[in-house]
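Report on the following structure.
The first residue of the sequence shown is numbered 1, and numbering continues consecutively from there.
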Amino acid sequence: MRPLWRQEARLFLRAPGVAPLLAVLFALSVLGAWNGAQRLEAERARIAEAVAADQAAFARKRDQLVALEAGRAQEGQFGSARKAHQAVMSAGRPLVPPPAELGVLSAAEARPTPDLLAVSLLTRHRDQQPTLDDPTNRLDGPFDLSFVATWLAPLFLLFLTYDVLARDREQGSAGLLASQGRTLAAIAAVRLAVRFVAVFAVVGAVAVAAAVVTEAGRASLPALLAWLAGLALCLGTWCALAGAVNARARNSASASLALLSIWIATCLLAPAVISAAVGAVAPPPDRLGGVLAMREIESGLNRRRAEVTAAYYAARPQNRPVRQGDEYEHYFVTEMFPRTLAFDAAFAPVAAGMDRARVRQAEALRWASPASPSLALKLLTEDLAGGAPERRVRYLADVDAWQARWRGHFEPKLASMRFLTVEDYDRMPRFEPRPEAAAARWGRIVALLGALALPLLLALAWAWRALRSAGPL
């Protein structure tokens with residue numbers, strides 16, 4: 001088998017058009033990886049800039065308060081570091097989720113999980129990200145390594161495998177091959193393996209290089225191995241399909257037409273049908289309903305603002321104002337802040353329902369993905385690149401927990417109009433996001449790998465039966 005492998009590898013690499021085709025695939029892979037790396041670097045730079053600006057702003061406020069208390073500075077009308085409604089009420093702190101292990105695979109700018117949220121004492125329920133309401137909107141995406149591996153690599157593989165036996169029959173040399181001590185099935189298997197290795201090596205090598213460069217120092221090896229396994233399962237399915245078709249095809253034209261039809265059916269038609277079916281079974285979040293609910297809650301609270309204020313201070317008598325502020329402070333503290341808390345309490349179930357709808361749609365897509373290996377690989381790639389709705393849910397839960405602590409820290413001083421102290425700045429709660437539970441996260445990864453393995457096993461069974469009886473005519 002080893003001499004046959006070497007012989008077929010040499011013939012394959014010397015065949016006209018093979019080297020340029022692999023070079024084009026390599027160039028497309030590099031371009032996709034470059035786009036992903038550029039997006040990732042821009043995202044990290046924006047995060048670092050926002051975090052640094054936030055830390056500098058609070059450091060200036062603390063220094064200003066120290067100067068005020070020491071009598072070295074005078075308090076102005078606005079921007080006071082000791083008045084909570086001016087210093088911290090609307091000061092959004094950048095909250096960053098745990099980084100995705102393989103963000104370089106995707107160049108999407110709009111992502112299910114925001115790269116950061118600016119969260120203050122006020123509500124965070126403003127940006128509903130309308131382009132992300134339906135997870136099926138992310139099935140195509142920008143030109144990145146995910147796009148190359150999912151949609152283009154199988155097509156390149158078909159260009160290289162459509163004639164592994166069909167051309168020999170067409171040229172009348174299949175009988176000569178069968179008389180050289182090797183079965184046509186063994187020859188076809190080796191040829192398919194050579195082509196599989198070539199395509200997998202090109203795309204996989206670029207992915208590994210991109211991950212090493214962009215994820216240096218991060219624990220991304222298990223995720224990278226999982227993605228490479230998914231890529232191998234997807235490409236293996238197409239090799240098996242090519243073997244099954246070549247076992248029956250009488251010429252290369254009929255083989256290429258059959259394989260192209262399968263590619264169209266599984267890569268274009270199946271995802272569209274699955275998307276429509278999933279949209280019917282698990283509807284996307286009702287964004288319009290969410291916007292209308294938001295407006296209704298806001299208008300209702302605005303009409304009852306005096307009642308909301310009274311209810312707030314009745315529930316928290318210890319927070320009643322100890323001094324009389326100006327009209328702006330009175331509005332922000334005694335009206336706007338209580339309405340914010342009431343709004344969050346009323347809108348939280350609506351937001352949670354929209355997130356549950358996103359998760360249900362993603363789960364339905366995963367269940368249906370065995371019908372399209374490319375779709376399954378796309379979902380696997382997006383998950384490893386940080387695009388799973390479950391990651392968003394976990395992050396937003398951490399954001400809400402931190403905001404509750406943030407409010408608990410400053411609310412007594414804000415609502416009572418007491419002045420802040422240096423200790424209030426020194427003891428500010430820190431945001432520490434939790435990574436997803438390993439069992440839940442890797443359960444999704446294993447399920448998607450299973451969704452890729454199922455069509456591979458079916459294609460291998462079909463190819464084995466077809467090639468076992470393949471003859472020279």
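In this structure, the side chains of Phe337 and His85 stay at 4.5 Å or more apart for every pair of heavy atoms. Proximity of Ile445 to Leu384: side-chain heavy atoms (C-beta onward) are separated by under 4.5 Å at one or more points. Here the side chains of Phe143 and Leu28 are in contact, with some heavy-atom distance below 4.5 Å. For the pair Phe419 and Leu65, the minimum side-chain heavy-atom distance is 4.5 Å or more. Put simply, the side chain of Arg444 does not reach to within 4.5 Å of the side chain of Leu379, judged on heavy atoms. Contact annotation: the side chain of Glu327 never approaches that of Tyr331 to less than 4.5 Å [non-hydrogen atoms, C-beta and beyond]. At a threshold of 4.5 Å between non-hydrogen side-chain atoms, the residues Pro433 and Leu95 do not count as touching. Within the 4.5 Å cutoff, the side chain of Leu228 has heavy atoms near those of the Val208 side chain.
Judged by distance alone, with hydrogens and angles left aside, the side-chain atoms of Gln86 form no donor-acceptor pair with the main-chain N or O of Ala81 at under 3.5 Å. Not a single donor-acceptor pair under 3.5 Å links the side chain of Arg339 to the backbone N or O of Val308. Between the Gln403 side chain and the Leu122 main chain, a donor and an acceptor come within less than 3.5 Å of each other. In this structure, Ser120 contributes its side chain and Ala91 its backbone to no donor-acceptor pair below 3.5 Å. Between the side chain of Lys61 and the main chain of Ala87, a donor-acceptor pair closer than 3.5 Å is present. The main-chain N or O of Asp424 is found under 3.5 Å from a side-chain atom of His409 such that the two form a donor-acceptor pair. In this structure a side-chain-to-backbone donor-acceptor pair under 3.5 Å is present from Arg39 to Gly103. For the pair Asp398 (side chain) and Tyr395 (backbone), a donor-acceptor distance under 3.5 Å is absent. Looking only at distances, no side-chain donor or acceptor of Tyr312 sits under 3.5 Å from a matching main-chain atom of Thr334. Using a distance-only test at 3.5 Å, with no hydrogens or angles considered, no donor-acceptor pair links the side chain of Ser275 to the main chain of Pro271.
Dense packing is recorded around CZ of Phe431, with more than 12 heavy atoms of other residues, nucleotides or ligands lying under 6.0 Å away. Dense packing is recorded around CD of Gln38, with more than 12 heavy atoms of other residues, nucleotides or ligands lying under 6.0 Å away. By the neighbour-count criterion of 12 heavy atoms within 6.0 Å, atom CH2 of Trp34 is sparsely surrounded, having that number or fewer from other residues, nucleotides or ligands. Within 6.0 Å of the CD atom in Glu296, the count of heavy atoms belonging to other residues, nucleotides or ligands does not exceed 12. Sparse packing is recorded around CH2 of Trp367, with 12 or fewer heavy atoms of other residues, nucleotides or ligands lying under 6.0 Å away. By the 6.0 Å contact criterion, CZ on Arg323 is enclosed, its count of non-hydrogen atoms from other residues, nucleotides or ligands being greater than 12.
Between Ser29 and Val148, the shortest heavy-atom contact is OG-CG1, 3.6 Å. Here the shortest heavy-atom pairing between Glu436 and Arg394 reads CA-NH1, 4.1 Å. Of all heavy-atom pairs spanning Met354 and Gly290, the tightest one is SD-CA, 4.2 Å. Nearest heavy atom pair, residue Trp227 against residue Val203, reads CH2-CG1, 4.2 Å. The heavy-atom pair separating Arg195 from Leu160 by the smallest distance is NE-O, 2.6 Å. Contact detail for Val104 and Ala210: the closest heavy-atom pair is CG2-CB, 4.0 Å.
The pair Asp400-Arg124 meets the salt-bridge criterion, with a side-chain N (NZ, NE, NH1 or NH2) lying under 4.0 Å from an Asp/Glu carboxylate O. Using a cut-off of 4.0 Å between Lys/Arg side-chain N and Asp/Glu carboxylate O, Lys378 and Glu382 are scored as salt-bridged. With salt bridges taken as basic N to acidic carboxylate O contacts below 4.0 Å, one links Asp344 and Arg407.
Here the CD-CZ distance, from Glu101 to Arg441, works out to 4.0 Å after rounding to the nearest 0.5 Å. In this structure, the separation between CG on Leu420 and CZ on Phe410 is 6.0 Å, given to the nearest 0.5 Å. With rounding to the nearest 0.5 Å, the separation of CG in Leu377 from OG1 in Thr150 is 4.0 Å. Distance CE/Met428 to CZ/Arg62: 9.5 Å, rounded to 0.5 Å. With rounding to the nearest 0.5 Å, the separation of CZ in Arg316 from CG in Leu341 is 6.0 Å. The line from CD of Gln318 to OG of Ser416 is 9.5 Å long, rounded to the nearest 0.5 Å.
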- Item | Trace of the side-chain contact (heavy atoms from CB on, under 4.5 Å) decision for Thr123 with Phe347 | CA-CA 10 Å; Thr123 183; Phe347 189 75; over 6 Å; no
- Item | Candidate pair Leu301 and Arg304, rule side-chain contact (heavy atoms from CB on, under 4.5 Å), full reasoning | CA-CA 5 Å; Leu301 292 174; Arg304 298 183 293 107; 3.5 Å; yes
- Taking it one step at a time, do Thr161 and Leu241 satisfy side-chain contact (heavy atoms from CB on, under 4.5 Å)? CA-CA 10 Å; Thr161 58; Leu241 290 173; over 6 Å; no
- Worked check of side-chain contact (heavy atoms from CB on, under 4.5 Å) between Leu221 and Leu225: CA-CA 6 Å; Leu221 180 59; Leu225 293 177; 4.0 Å; yes
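Screening Arg358, Arg356, Arg366, Arg360 for a salt bridge (charged side-chain N to carboxylate O under 4.0 Å, His left out) involving Glu390 leaves a single residue, Arg366.
Defined by atom type and a distance below 3.5 Å, a donor-acceptor pair is missing between the side-chain atoms of Asn302 and Ser299.
Between Phe196 and Phe200, the ring planes lie parallel to each other; the angle is under 30°, not in the 30° to 60° tilted range.
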